[in-house]
Engineer: 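Before I ask anything, here is the structure I am working with.
In what follows, every heavy atom counts, from backbone to side chain, and hydrogens, waters and symmetry copies are set aside.
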Amino acid sequence: MSRSAEFYGGSDRNAYLHRAWMRRGVPDHAFDGRPNIAIANTASDLTPCNAHLDEVAQSVKNGIYEAGGIPYNLPMVSLGETTVRTTAMLWRNMAAMAAEELLRANPVDGVVLLGGCDKTIPALLMAAASVGIPAIVVPGGPMLNGSFRGRPLGCGTGVWKLSEEVRAGGLSDAEFRSTESSMIRSRGHCNTMGTASTMAFMAEALGMSLPGVAGTPAPDSRLLELSHASGRRIVELVGQETTPADIMTEGAFHNAIVALAAIGGSTNAVVHLLAIAGRLGVELSLDDFDRIGDGVPLLVNLQPAGEYLMEDLFRAGGFLAVLNEVRHLLNPSTVTVSGRRLVDELPVEAVWDRDVIRTAQEPLQPDAGIVVLRGNLAPSGAIIKPAAASAQLLRHRGPAVVFDSVEDMRARIDDPDLVVDENSVLVLRGCGPRGYPGMPEVANMPLPRRLLEKGVRDMVRICDGRMSGTAYGTVVLHVAPEAAAGGPLALVQDGDLIEMDVEARGLTLLVPEEELRRRTPPTQLKAAYASPKRGWEQLYIDHVQQADTGADLDFLTGATGPAVMRDSH
C-alpha cells in the first residue's frame, strides 16, 4: 500500500477527514491509490534567485498529471543568500528539518525538489535523504550573462572585484551602482560557478536530477521542458520504489567530488556534501575531497577561476560534456534518477567551444581539487581552493594580523595605523558555526586600502567561516575546530608567524606549544561570540557540529524513514 493510500483509504472517520478536506476541486480518482507527489517549492519574492520557481512548479505539475500522478504544491522554507541576516547557512539545517517533517507528515508518495539559491538544494536533499521517499531535483537555473564596459560581468565575482576597485580609487561610486542592473538582468541564480551553480551540478553528479537539466538558464524554455519531464519521471520512480539512498551511494559521492574539481566548484559544496552523506549513512570524510579530487584537472573556464559565465557553459556543451572529459575518473556503476548509469548519459562528442570547456590534456589548470590543510592551527582540517588562489601564495610564511570579529575587521582594515603589508596573513575568527553563528561568507576579507592603492590584489587570509562560491583569492577557510569551539585559531596573536604549504597540506602556527598552552583567548574575542537566549539560534549553537563533518545538527544526522505511525484525530 502506498503512503498516500494509508491516509485516504478506508471508510473510518480519519480517512473521511483526509479525503473531504482535500477535495476542493480534486477529482475522486485522486484518492484511488495513484501516486500523490509533493512539489517542494522554495519560491519566494524575498529569495530573488528562486522567485520564478512557481512557473517551474507548474511545468512539473503538468508532467505529474500527464504520468497519472496527483501533484501538490508544498511551499518550503526559502533562504536568499543575498538578503537574510546573519547568514543563510544558519537556517540550512532548519530548512532541512522543516522539509523532512512536512514530507513525512503529509500523504505524499514522492517529491520533486525545486531549489536554486545556495542553501535550498542542499537543505532539500538532506530532507529527502532522511525521509527516504522517491525524490528528484529540478534546479532553477542560472540567470543570463551580464556585462560591463564590454566585458563579462559575473554575479558575486564582479561585486568582489568592483568593490575593491572603488576602494582603490579606480572606480567611482556612481559607476559601481550603475553595474547593478547589468549584473542582475534576468531571473535565475548566480551565473558564475558560485554555490548555486555548483550545487545544481552536484545534484546531477549524485544522480538526483535528470541528466542535462543542471545549468540550463532560468529564462530558457528548455528548463520548463525538463521540468515537465521530471514531473513525469517522479511518478515512475514512485512505481519503481527508487529512493534517494538507491541513487546517492558512495560511488555517487565519488563522482560529485570529481565533478567539483573539474568545474572549479564552490568550497561550500564540501560542507553540503558532507551533511547530505551524513543523512544517508555514507562514509564520507574531509580527506576524501583531497584524495579523490587530487590530480583532477580544471576544465571549465568560468568565473571566478576563469573568464566565462554559466550561459557560455550551457552553449559550449554543458555539464555532461565536462564529465565526459573525466569519464575515466568516474565510478562507472552509479545510476541516476533516469534509471540509467551516469556514464551512459555522457555525450561522446558534444563540446562546441573549447575555450569554455577544455580537454583533460589541455586544462585550465592541471590540478583543481579542493585541498585539505592540517597542522596545529587546524587540527581537524581547513580547506583551500587552489583554482581560485594566487599561485605565488600557495607556499607562504608571514606575520598574523588578527581580527576578533567581522565588526573588528571592518573597523580596522583601512586604519592607517594597522601594522600590515603584502606579506602579512590576515586572520579573521569567531565566524564558525557556533561563533557567529552559522558560518557567514566573510573569509575573503577585503584587503587594506593602502595595499590596494599599491596594486596588491591578493593576500593569504585565514578564517573559521566560509566564502561565497563566487569569490576568489588565497583564502583558507572552514578552519576546524573553530575559535568558539576551543580551536587554536583563538590563540593567535598579532605578529605570530604562520606558514602555509598547500603542496605539503600544512597550516602551521610557528609558536612553541608551551607558549600556546599559556595563552587564553582574548576577552574581546569571547565577547563577540553569539550568545542567544532562546529560539533557533540557541538550539543551533547547542547542537551544531563542526565544518569538517558538514555542520549539521547532531540530532539530525542519519535517517528516520517515511513512516508516520499515529493519526491526527
Side-chain angles (χ1 to χ4, degrees), residues 81-82 85-90 156 159-168 267 377-378 382 384 388-389 393 396 398-454 456-468 470-480 482-485 487-498 500 507 509 521-531 547:
E81 195 70 38
T82 57
R85 296 180 177 179
T86 52
T87 169
M89 185 64 175
L90 175 61
V159 176
W160 316 128
K161 289 182 178 179
L162 295 176
S163 62
E164 292 291 68
E165 290 305 316
V166 172
R167 297 177 63 245
T267 52
L377 196 52
I384 187 171
L393 291 175
H396 184 80
V401 178
V402 183
F403 301 102
D404 288 325
S405 67
V406 171
E407 293 77 17
D408 179 34
M409 180 271 294
R410 290 175 177 162
R412 295 195 294 121
I413 193 68
D414 292 330
D415 188 335
D417 294 328
L418 185 70
V419 179
V420 64
D421 63 26
E422 59 267 35
N423 296 310
S424 299
V425 176
L426 304 182
V427 176
L428 175 59
R429 57 195 179 188
C431 301
R434 286 168 55 181
Y436 198 73
M439 293 186 74
E441 294 182 336
V442 295
N444 57 315
M445 290 166 265
L447 305 188
R449 187 188 303 272
R450 70 172 184 268
L451 296 183
L452 288 170
E453 292 170 347
K454 289 174 56 178
V456 176
R457 289 298 182 269
D458 196 11
M459 296 172 67
V460 175
R461 287 159 276 182
I462 299 174
C463 184
D464 47 10
R466 301 177 299 117
M467 74 175 182
S468 168
T470 66
Y472 56 90
T474 310
V475 184
V476 178
L477 55 161
H478 304 190
V479 174
E482 63 175 301
L489 202 64
L491 304 179
V492 182
Q493 296 180 0
D494 285 338
D496 287 346
L497 285 178
I498 294 175
M500 179 182 72
L507 184 65
L509 178 62
T523 301
Q524 61 268 29
L525 171 62
K526 293 189 289 186
Y529 293 157
S531 55

Engineer: Shortest non-hydrogen contact from Ile498 to Ala400?
Structural biologist: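 Between these two residues, the closest heavy atoms are CD1-CB, 3.9 Å.
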
Engineer: Report the C-alpha separation of Thr267 and Ile384 in whole Å, then their side-chain angles, then the decisive distance to 0.1 Å, and conclude whether the side-chain contact (heavy atoms from CB on, under 4.5 Å) test is met.
Structural biologist: CA-CA 8 Å; Thr267 52; Ile384 187 171; over 6 Å; no

Engineer: Taking it one step at a time, do Val420 and Leu426 satisfy side-chain contact (heavy atoms from CB on, under 4.5 Å)?
Structural biologist: CA-CA 9 Å; Val420 64; Leu426 304 182; 4.1 Å; yes

Engineer: What residues form a side-chain hydrogen bond (donor to acceptor under 3.5 Å, both in side chains) with Ser468, not counting sequence neighbours?
Structural biologist: Thr470

Engineer: How long is the span from the OH atom in Tyr529 to the CD atom in Gln524, to the nearest 0.5 Å?
Structural biologist: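 Going from the OH atom of Tyr529 to the CD atom of Gln524 covers 10.5 Å.
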
Engineer: Could you go through residues 471-480 and list every donor-acceptor pair under 3.5 Å that involves a side-chain atom there, pairing it with any protein atom two or more places apart or in another chain?
Structural biologist:
from   : atom 1 : to     : atom 2 : distance (Å)
Thr474 : OG1    : Ser390 : N      : 3.1
Thr474 : OG1    : Asp458 : OD2    : 2.7

Engineer: Kindly compute the distance separating CG (Leu418) from CZ (Arg450), expressed to the nearest 0.5 Å.
Structural biologist: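 Separation between the atoms: 6.0 Å.
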
Engineer: side-chain contact (heavy atoms from CB on, under 4.5 Å) between Ile462 and Val425: does it pass, once the steps are laid out?
Structural biologist: CA-CA 7 Å; Ile462 299 174; Val425 176; 3.6 Å; yes

Engineer: For Arg410, what residues pass the side-chain hydrogen bond (donor to acceptor under 3.5 Å, both in side chains) criterion, not counting sequence neighbours?
Structural biologist: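 By the side-chain hydrogen bond (donor to acceptor under 3.5 Å, both in side chains) rule, Arg410 matches no residue at all.
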
Engineer: Got a sec, which pairs hit salt bridge (Lys or Arg N to Asp or Glu O under 4.0 Å) with one end in residues 416-427, sequence neighbours left out?
Structural biologist: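 Sorted pair list: Glu422-Lys454.
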
Engineer: So do the side chains of Asn423 and His396 get within less than 4.5 Å of each other, counting heavy atoms only?
Structural biologist: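 Yes, close enough: below the 4.5 Å cut-off.
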
Engineer: Suppose we screen for side-chain hydrogen bond (donor to acceptor under 3.5 Å, both in side chains). Which residues come up paired with Arg412, at least two apart in sequence or across chains?
Structural biologist: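 Only Asp408 meet the side-chain hydrogen bond (donor to acceptor under 3.5 Å, both in side chains) criterion with Arg412.
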
Engineer: Hey, could you give me the SG/CG distance between Cys431 and Asp404, rounded to the nearest 0.5 Å?
Structural biologist: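 One gets 10.0 Å once the value is rounded to the nearest 0.5 Å.
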
Engineer: Arg429 side chain to Val492 main-chain N or O, any donor-acceptor pair under 3.5 Å?
Structural biologist: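 A pair under 3.5 Å: yes.
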
Engineer: Where do Leu507 and Ala378 come nearest, in terms of heavy atoms and distance?
Structural biologist: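 So the two residues come closest at CD2-CB, 4.2 Å.
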
Engineer: CG of Asp494 to CZ of Phe403: how many Å apart, nearest 0.5 Å?
Structural biologist: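 Here the rounded value is 8.0 Å.
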
Engineer: Less than 3.5 Å apart, which donor and acceptor atoms pair up between the side chains of residues 433-449 and the rest of the protein, not counting sequence neighbours?
Structural biologist:
from   : atom 1 : to     : atom 2 : distance (Å)
Glu441 : OE2    : Asn268 : ND2    : 3.2
Glu441 : OE2    : Arg466 : NH1    : 3.3
Arg449 : NH1    : Arg167 : O      : 2.8

Engineer: From Leu489 CG over to Cys463 SG, what is the distance, rounded to the nearest 0.5 angstrom?
Structural biologist: 7.5 Å

Engineer: What verdict does the side-chain contact (heavy atoms from CB on, under 4.5 Å) test give for Gln493 and Val402, after you've listed the backbone C-alpha separation in whole Å, the side-chain angles of each residue and the deciding distance to 0.1 Å?
Structural biologist: CA-CA 6 Å; Gln493 296 180 0; Val402 183; 5.7 Å; no

